[in-house]
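Numbering of ligands and ligand atoms starts at 1, following listing order.
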Amino acid sequence: MSNPILERARAHGVTLEMNDQVAVVTLSRPAKRNALSDTLIEAIRDIFQNLPQEARAAVIAGEGEHFCAGLDLSELNERDAGEGVYHSRSWHVALDAVQFGKVPVVAALHGAVVGGGLELAAACHIRVADESTFYALPEGTRGIFVGGGGSVRVPKLIGVARMTDMMLTGRVFNAADGERIGLAQYLVPTGAALDKALELAKRIGTNAPLTNYALMHALPRIAEQPADHGYLTEALMASIAQSTPEAKDRVRAFLKGKAAKVRKAD
Ligand code: 1HE
């Protein structure tokens, strides 16, 4: 059956396909290196606000040689200051739909992850990068500033000092250094990011939905709260999660020797 949201998104350079219960969202504007036009940002918002009911996790990837070249610079010239505020706020809504949506999102990164592309990657819950990945914030050298939530999200990954360095000096991090400083949590051989992201997303999809919800919606907020508020929020969240029938079933299965043990890492 045709879906107007998906048709409009496809026309603007974003596709959605289900792989089992994982929603695979692909930036599909390779001729422009998946540069994020206004309509493409709207398409990301619409897709993440309307994920299929059966989706338990999502992956976001880029078609072509690069994950994403950031803001579509060809649209920048037309905007005055007031329009710039609305434009930036529209990115906040779209990337909030990624971060605070229905399911955890794994980014599969390769090639350029720059400017707004890095802001989009930072809105995801897990980043998997292949060896071809490189990260930059060229806003500094283009005479502009991040506007897609990057000044909030990127310092949480790598710290204010490293982000300041990237923007003041145009510093580019390669894939290995990106993983070392925390831009990605997984580093895989070139061409393997999508498969690894899918593997992780399928694993995430087997968690109790309320646990995933707590990790997406409660954890980042608890981490921002003063400790005494955080402990109380944690206690409330823990209590709600524990009280679900699914949690009780899972714990019972372990106690009966029917659930996987934690094994030593490789
Ligand atoms: C673009 C864009 C774009 C490519 N907007 N059209 N982002 C940047 O400053 C990064 C700008 N892009 C690049 O540095 C490079 O294009 C890449 C490293 C990403 C890729 O290089 P390459 O050699 O594979 O491709 P290319 O030949 O540079 O680009 C191919 C085409 O894509 C070309 O158009 P064509 O018509 O000449 O074929 C490029 O003009 C076009 N293209 N990137 C528009 N970004 C919410 S605020 C966020 C603020 C920002 O993100 S600022 C950072 C913007």
Side-chain angles (χ1 to χ4, degrees), residues 11-14 26-48 60-100 105 107-124 127 129-158 160 162-175 177-178 183-184 190-191 193:
H12 294 308
V14 193
T26 306
L27 308 177
S28 303
R29 219 189 154 206
K32 293 293 178 189
R33 306 311 187 247
N34 300 324
L36 301 167
S37 60
D38 289 357
T39 51
L40 200 158
I41 283 292
E42 282 170 21
I44 291 173
R45 177 199 66 200
D46 292 344
I47 281 194
F48 280 93
I60 186 160
E63 188 183 334
E65 286 169 42
H66 303 281
F67 174 71
C68 179
L71 174 72
D72 187 328
L73 292 167
S74 69
E75 294 182 347
L76 188 74
N77 286 341
E78 310 304 324
R79 243 174 253 131
D80 67 20
E83 287 164 347
V85 172
Y86 290 121
H87 176 260
S88 171
R89 298 296 287 154
S90 75
W91 276 58
H92 296 160
V93 172
L95 300 200
D96 267 7
V98 175
Q99 182 175 4
F100 297 114
V105 185
L109 306 177
H110 74 292
V113 181
V114 304
L118 178 52
E119 295 185 275
L120 172 59
C124 298
R127 282 152 295 279
D130 84 7
E131 297 277 1
S132 73
T133 307
F134 57 97
Y135 308 88
L137 289 170
E139 287 89 337
T141 48
R142 305 255 183 266
I144 55 180
F145 191 63
V146 285
S151 49
V152 172
R153 294 192 179 97
V154 176
K156 287 183 180 144
L157 301 178
I158 62 174
V160 170
R162 284 199 180 100
M163 178 169 172
T164 306
D165 180 16
M166 289 175 84
M167 293 197 67
L168 283 179
T169 68
R171 183 169 181 172
V172 180
F173 283 101
N174 65 24
D177 287 339
L183 285 169
T190 298

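For ligand 1, the polar-atom distance check against Ser74 finds no nitrogen or oxygen pair separated by under 3.5 Å. Among the atoms of Pro138, none of the N or O lies under 3.5 angstrom from an N or O of ligand 1. On a distance-only criterion, Leu73 and ligand 1 share at least one N/O pair closer than 3.5 Å.
The heavy-atom pair separating Cys124 from Ile60 by the smallest distance is SG-CG2, 3.5 Å. Counting all heavy atoms, side chain and backbone alike, His12 lies closest to Ala43 at CB-CB, 4.5 Å. Here the shortest heavy-atom pairing between Ala121 and Phe67 reads CB-CE2, 4.3 Å.
At least one heavy atom of Ala31 sits less than 4.0 Å from an atom of ligand 1.
Contact annotation for Ile144 and ligand 1: only side-chain heavy atoms (C-beta onward) come within less than 4.0 Å of the ligand. Under 4.0 angstrom from ligand 1, the non-hydrogen atoms of Ala112 all belong to its side chain. Using a 4.0 Å cut-off between heavy atoms, His87 makes no contact with ligand 1 at all.
Checked for salt-bridge contact, Asp177 and Arg171 miss the test: no charged N lies under 4.0 Å from a carboxylate O. The existence of a salt bridge linking Asp72 and Arg29 is confirmed by a sub-4.0 Å separation between a basic side-chain nitrogen and an acidic carboxylate oxygen.
Using a 4.5 Å cut-off on side-chain heavy atoms (C-beta onward), Leu137 and Val114 make no contact.
Protein heavy atom nearest atom 42 (N) of ligand 1, with residue, atom name and distance: Lys32 O, 4.0 Å. Regarding atom 7 (N) of ligand 1, its nearest protein heavy-atom neighbour is Ala69 O, 2.8 Å.
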